[in-house]
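To start, the structure itself, in structure tokens.
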Amino acid sequence: MATISSLPIFFGLLSLLFLLFAPSTAVITTTGIRLGIVLKPSTHVPVFREAPAFRNGDSCGKQKIHVTMTLDANYLRGTMAAVLSILQHSTCPENVEFHFLWAHFEPDVYESINSTFPYLNFKVYKFDSNRVRGKISKSIRQALDQPLNYARIYLGDILPADVKRVIYLDSDLVVVDDIAKLWEVDLEGKVLAAPEYCHANFTNYFTDLFWSDRKLAKTFDRRKPCYFNTGVMVVDVDKWRQGRYSQKVEEWMAVQKQKRIYHLGSLPPFLLVLAGNIKAVNHRWNQHGLGGDNIEGKCRNLHPGPISLLHWSGKGKPWLRLDSRKPCSVDYLWAPYDLYHPSIKYSLEELTDGS
């Protein structure tokens with residue numbers, strides 16, 4: 001038991017331990033513990049500036065717009081930029097509800113969202129990565145093989161039953177238009193809506209083995225399949241559940257484990273199930289491929305036409321290229337939404353300031 005004379009030393013050591021291991025929202029001051037200032041961010045979680053508060057316009061009703069994104073430390077900087085862009089361009093930003101999916105609880109990531117967007121309407125859900133372990137086949141890029149990339153397959157199981165429709169977005173994009181316009185697309189009875197790219201060579205998304213196997217190739221016999229990018233989708237979650245689409249995608253993943261019928265990650269099984277049977281959305285809602293190809297990630301220019309969403313799909317991510325001081329010209333379109341704060345430092349004076 002500590003004696004009276006040893007208590008000051010005890011509390012001094014306790015304060016030092018708290019200073020070293022305190023939660024990221026706590027700061028020790030001469031007058032006690034002050035909350036609300038980031039003290040010691042995790043070494044793998046970036047520090048962000050607080051975003052401004054965005055409020056609804058006078059014409060806004062109460063209709064919710066549900067947006068789903070994955071959440072992890074590696075892509076957190078992209079997620080922050082995407083969220084800011086959505087809120088900044090929304091007429092009714094307070095109506096947007098975010099549903100984040102993560103593979104494991106990361107308190108620093110959660111706190112980053114909270115502190116960067118204090119007014120954000122969001123929920124976080126656990127994606128059990130065991131659902132896809134043993135089902136994922138190695139693809140042409142390691143990042144595509146992460147279990148969290150496959151979480152979009154299970155939206156119907158993860159999201160609450162009262163979420164009937166959702167916009168799924170990747171973390172490497174920014175929205176430069178009112179997302180309500182995408183939300184209001186008429187699905188016309190389809191389970192999914194996305195921009196289609198029928199000029200792309202669809203055969204390239206599958207191996208020669210797939211096309212030479214008549215039983216496999218006939219999958220598209222009664223369809224006119226076109227490529228679509230799964231990083232931007234409007235999904236009727238009820239129809240997804242009722243149609244057991246998660247299981248349909250998994251079945252093709254099982255075929256891939258036995259025969260190599262494609263080279264990419266989670267995209268081809270979506271195409272096998274749904275290509276040629278989705279609601280086509282205007283191309284302006286996915287100006288994709290800005291990250292270059294999946295091998296080298298070389299710079300690409302914008303496609304002609306109007307733009308509502310810029311998407312850095314491919315190997316090259318704008319925050320990495322900007323940090324390396326070797327950005328592509330399109331990366332400067334992402335930069336205004338970057339909330340990353342690379343220069344936050346803490347001095348002894350700041351830590352002992354009792355104000």
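Cluster annotation: Tyr119 and Leu87 are assigned to distinct hydrophobic clusters (Ile/Leu/Val/Met/Phe/Trp/Tyr, side-chain heavy-atom contacts under 4.5 Å, transitive). In the hydrophobic clustering of this structure, Leu209 does not group with Trp252; members are Ile, Leu, Val, Met, Phe, Trp, Tyr whose side-chain heavy atoms approach within less than 4.5 Å, directly or through other members. Both Trp211 and Leu272 sit in one connected hydrophobic cluster of ILVMFWY residues. Membership requires side-chain heavy atoms under 4.5 Å apart, directly or through other members.
Annotation: side chain of Asp177 is not in contact with side chain of His89 (no heavy-atom distance under 4.5 Å). Put simply, the side chain of Trp183 reaches to within 4.5 Å of the side chain of His66, judged on heavy atoms. Within the 4.5 Å cutoff, no side-chain heavy atoms of Phe54 are placed close to those of Ser90. Under the 4.5 Å side-chain criterion, counting only non-hydrogen atoms from C-beta, Gln287 is in contact with His303. Contact annotation: the side chain of Tyr150 never approaches that of Val249 to less than 4.5 Å [non-hydrogen atoms, C-beta and beyond]. No side-chain heavy atom of Val47 sits less than 4.5 Å from a side-chain heavy atom of Tyr340. Counting heavy atoms from C-beta on, the side chains of Leu187 and Leu192 never come closer than 4.5 Å. In this structure the side chain of Thr116 reaches within 4.5 angstrom of the side chain of Leu339, judged on heavy atoms.
For Lys326 (side chain) and Asp323 (main-chain N/O), no donor-acceptor pair under 3.5 Å exists by modelled atom type. A donor-acceptor pair under 3.5 Å is formed between the side chain of Thr207 and the backbone N or O of Arg260. Lys317 places a side-chain N or O within donor-acceptor distance of the main-chain N or O of Trp312, the cut-off being under 3.5 Å. Remark: the backbone N or O of Tyr262 is paired with a side-chain donor or acceptor of Gln256 at under 3.5 angstrom. With hydrogens and angles disregarded, no donor-acceptor distance shorter than 3.5 Å links the side chain of Asn114 to the backbone of Phe117. Between the side chain of Thr230 and the main chain of Leu267, no donor-acceptor pair closer than 3.5 Å is present. Looking at Asn121, its side chain never comes within 3.5 Å of a backbone N or O of Glu97 through a donor-acceptor pair. Under a 3.5 Å cut-off, the side chain of Ser85 and the backbone N or O of Val175 do form a donor-acceptor pair. Using a distance-only test at 3.5 Å, with no hydrogens or angles considered, no donor-acceptor pair links the side chain of Asn286 to the main chain of Pro195. Judged by distance alone, with hydrogens and angles left aside, the side-chain atoms of Asp331 form a donor-acceptor pair with the main-chain N or O of Cys328 at under 3.5 Å.
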Side chain to side chain donor-acceptor pair (under 3.5 Å), that's the test. Do Glu250 and Tyr154 meet it? Break it down for me.
CA-CA 10 Å; Glu250 285 181 332; Tyr154 303 99; 2.6 Å; yes
Show your reasoning for whether ring pair (Phe, Tyr, Trp, His ring centres under 6.0 Å) applies to Phe270 and Trp240.
CA-CA 12 Å; Phe270 264 89; Trp240 186 273; 5.8 Å; yes
Could you walk me through whether Leu173 and Leu310 pass the side-chain contact (heavy atoms from CB on, under 4.5 Å) check?
CA-CA 5 Å; Leu173 55 77; Leu310 297 155; over 6 Å; no
Any chance you could lay out the side chain to side chain donor-acceptor pair (under 3.5 Å) test for Lys62 and Asn95, step after step, and finish with the verdict?
CA-CA 7 Å; Lys62 295 183 178 180; Asn95 289 6; over 6 Å; no
Chi angles and distances behind the side-chain contact (heavy atoms from CB on, under 4.5 Å) call for Asp72, Leu148:
CA-CA 9 Å; Asp72 65 33; Leu148 198 56; 3.6 Å; yes
Step by step, would you call Val330 with Asn301 a side-chain contact (heavy atoms from CB on, under 4.5 Å)?
CA-CA 7 Å; Val330 294; Asn301 295 322; 5.6 Å; no
Please lay out, stage by stage, how Ile113 and Leu71 fare under the test side-chain contact (heavy atoms from CB on, under 4.5 Å).
CA-CA 10 Å; Ile113 295 285; Leu71 190 63; 4.1 Å; yes
Under the side chain to side chain donor-acceptor pair (under 3.5 Å) rule, what do Asn229 and His288 come out as? Steps first, then yes or no, please.
CA-CA 8 Å; Asn229 183 282; His288 71 288; 5.3 Å; no
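A distance of 10.5 Å separates CG of Leu290 from SG of Cys299, quoted to the nearest 0.5 Å. The distance from the CG atom of Asn56 to the OG1 atom of Thr91 is 9.0 Å, given to the nearest 0.5 Å. With rounding to the nearest 0.5 angstrom, the CG atom of Leu182 is 9.5 Å from the CD1 atom of Ile65. The line from OG of Ser171 to NE2 of His311 is 9.0 Å long, rounded to the nearest 0.5 Å.
The residues Asp236 and Arg165 are annotated as not salt-bridged, no charged nitrogen and carboxylate oxygen being separated by less than 4.0 angstrom. Salt-bridge annotation for Arg214 and Asp221: present, with a side-chain N of the basic residue lying under 4.0 Å from a carboxylate O of the acidic one. Taking the charged nitrogens against the carboxylate oxygens, Asp213 and Lys259 do have a contact shorter than 4.0 Å, which makes a salt bridge. Here Asp338 does not pair with Arg49 in a salt bridge; the nearest charged N to carboxylate O distance is not below 4.0 Å. With salt bridges taken as basic N to acidic carboxylate O contacts below 4.0 Å, one links Arg152 and Asp170. Under a 4.0 Å N-O distance rule, the pair Asp178/Lys181 does not qualify as a salt bridge.
Across Arg241 and Pro160, no two heavy atoms sit closer than the pair NH2-O, 3.1 Å. Residue Met69 comes nearest to Ala82 through the heavy atom pair CE-CB, 3.6 Å, listed as atom of the first residue, atom of the second, then distance. Shown here for Pro46 and Ser112, the closest heavy-atom pair between the two residues is O-OG, 4.1 Å. The heavy-atom pair separating Lys190 from Lys279 by the smallest distance is CG-N, 3.8 Å. Closest approach of Val237 and Leu155 over heavy atoms only: CG1-O, 4.2 Å. Arg321 and Gly316 get closest at one heavy-atom pair: NH1-CA, 3.7 Å.
Asp128 and Asn130 share a side-chain donor-acceptor pair at under 3.5 Å.
Ring pair Phe105/Tyr110 is tilted by interplanar angle, where 30° to 60° counts as tilted.
Ring pair Trp334/Tyr337: centre-to-centre distance not below 6.0 Å.
A ring-ring contact (aromatic ring centres under 6.0 Å, His included) with His99 is found for exactly one of Phe127, Phe122, Tyr168, Tyr125, namely Tyr125. Checked options Val83, Thr70, Ile179; the residue passing with Leu169 is Ile179 (criterion: side chain to side chain contact (heavy atoms under 4.5 Å, CB included)). Here the rule is ring-ring contact (aromatic ring centres under 6.0 Å, His included) with Phe202, and of Phe228, Phe220, Tyr227, Tyr197 only Phe220 fits it. Each of Thr203, Leu216, Val255 was checked for a side chain to side chain contact (heavy atoms under 4.5 Å, CB included) with Phe210, and the lone residue meeting it is Leu216.
Environment of CZ in Arg55: crowded, with over 12 heavy atoms of neighbouring residues, nucleotides or ligands closer than 6.0 Å. By the 6.0 Å contact criterion, CG on Asp208 is open, its count of non-hydrogen atoms from other residues, nucleotides or ligands being 12 or less.
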